[in-house]
Amino acid sequence: MASGNIQPQPPASATGEEGFAPGKPMSMEQTMLDKGAEMIQSLKPVKQMSQHVCTFAIYNHDMTRQIETHHYVTRLNQDFLQCAVYDSDDTTGRLIGVEYIISDRLFEALEPKEQKLWHSHAHEIKSGLWVHPRIPEMLAKPELESLAKTYGKFWCTWQTDRGDTLPLGPPALMMSPQAASLSIIKPELVKKRDDKYNLSTEALKAARREAITEPERINPQADYWKQHGICFAIDIEKTELKKRAPFP
């Protein structure tokens with residue numbers, strides 16, 4: 001079963017209210033545990049998330065499907081960021097995947113077969129699609145300059161856009177918006193996002209035309225579909241269980 005080619009059927013009981021995850025309401029005991037844990041436990045990895053980014057993504061295996069995404073970003077160092085990706089920034093937002101972002105320096109060191117799974121960010125940022133909601137553009141500019149030279153690998157594990165109320169099937173590889181016709185984000189999606197945050201993608205695009213430097217080179221192994229007309233999808237296959245671990 002390739003990722004997303006056939007929509008898996010959820011269990012008959014999986015009828016989430018208003019399209020959200022199915023399940024009973026939280027009990028008093030669960031609520032008390034959550035509140036207590038929030039006060040006592042450190043939750044250090046979660047608290048390292050320092051940025052909220054709103055942008056768009058495209059399914060690599062089906063480029064007619066485009067989604068708005070909300071990345072909650074942790075910067076591990078100057079060359080590596082990790083993002084928990086949600087389908088909204090509301091309290092009911094669902095965790096739909098993860099994206100890893102690396103510098104051009106790290107990307108160039110990857111094997112060519114690995115580079116095929118990554119996408120560039122230059123167009124996404126220069127075109128105004130990548131935004132830090134409610135952060136003044138002047139404050140975001142240094143980060144945007146840096147991100148324009150990066151590459152990302154984004155796996156979607158919950159395809160909520162097709163109505164899945166549970167994370168079903170294998171993960172899907174996602175791509176970034178590009179100037180090529182197949183990956184131009186639908187105007188209605190952009191308008192919905194712009195209206196929500198009271199911003200103008202077109203105005204950001206005009207401002208960034210000169211403000212954000214174009215990368216000197218984008219590796220042609222990235223955005224592989226654009227360069228070679230080939231996309232990637234995951235298949236689930238049966239395999240033999242390894243009953244003994246190899247001796248060191």
Which other residues end up in the same hydrophobic cluster as [X], if Ile, Leu, Val, Met, Phe, Trp and Tyr are linked when side-chain heavy atoms come under 4.5 Å apart?
X: I67; answer: Y59, V85, I96, F154, W158, M174
X: L33; answer: none
X: I135; answer: L139
X: Y72; answer: M49, Y86, L95

Work out which heavy atom in [X] is nearest to a heavy atom in [Y]; give both atom names and the distance.
X: C83; Y: H71; value: CB-CD2, 3.8 Å
X: E214; Y: A122; value: OE2-CB, 4.4 Å
X: Q159; Y: A172; value: NE2-CB, 4.0 Å
X: W118; Y: Y100; value: CZ3-O, 3.5 Å
X: A180; Y: W225; value: CB-CH2, 3.8 Å
X: F232; Y: K116; value: CE1-O, 3.7 Å

Decide if atom [atom1] of [X] counts as having more than 12 heavy atoms of other residues, nucleotides or ligands within a radius under 6.0 Å.
X: N198; atom1: CG; result: no
X: K196; atom1: NZ; result: yes
X: K191; atom1: NZ; result: no
X: E188; atom1: CD; result: yes
X: M26; atom1: CE; result: yes

Assess the side chains of [X] and [Y]: does a donor N or O sit below 3.5 Å from an acceptor N or O?
X: T64; Y: D62; value: yes
X: T55; Y: E124; value: yes
X: S88; Y: R94; value: no
X: H119; Y: E99; value: yes
X: D194; Y: S200; value: no

State plainly whether the residues [X] and [Y] are in salt-bridge range, i.e. N to O under 4.0 Å.
X: D104; Y: K149; result: no
X: E143; Y: R75; result: yes
X: K153; Y: E114; result: yes

Heavy-atom side-chain proximity of [X] to [Y] below 4.5 angstrom:
X: Y151; Y: I101; value: no
X: I102; Y: T150; value: no
X: H121; Y: L147; value: no
X: Q78; Y: R105; value: no
X: L129; Y: T201; value: yes
X: T160; Y: D164; value: no
X: Q178; Y: D223; value: yes
X: D89; Y: P133; value: no

Quick one, I58 with R65, criterion side-chain contact (heavy atoms from CB on, under 4.5 Å). Give me CA distance, side-chain angles, the key distance, then yes/no. CA-CA 6 Å; I58 305 162; R65 293 171 61 194; over 6 Å; no
Any donor-acceptor pair under 3.5 Å linking the side chain of [X] with the backbone of [Y]?
X: Q30; Y: S27; value: yes
X: Q51; Y: H132; value: no
X: Q221; Y: P112; value: yes
X: K126; Y: I212; value: yes
X: T165; Y: A21; value: no

According to side-chain hydrogen bond (donor to acceptor under 3.5 Å, both in side chains), who are the partners of S127, at least two apart in sequence or on a separate chain? none
Quick one: list whatever passes side-chain hydrogen bond (donor to acceptor under 3.5 Å, both in side chains) with H52, sequence neighbours left out. H70
Full working for salt bridge (charged side-chain N to carboxylate O under 4.0 Å, His left out) between K141 and E137: CA-CA 6 Å; K141 182 177 179 295; E137 185 77 355; over 6 Å; no
Apply side-chain contact (heavy atoms from CB on, under 4.5 Å) to V53 and V131, showing your working. CA-CA 6 Å; V53 169; V131 300; over 6 Å; no
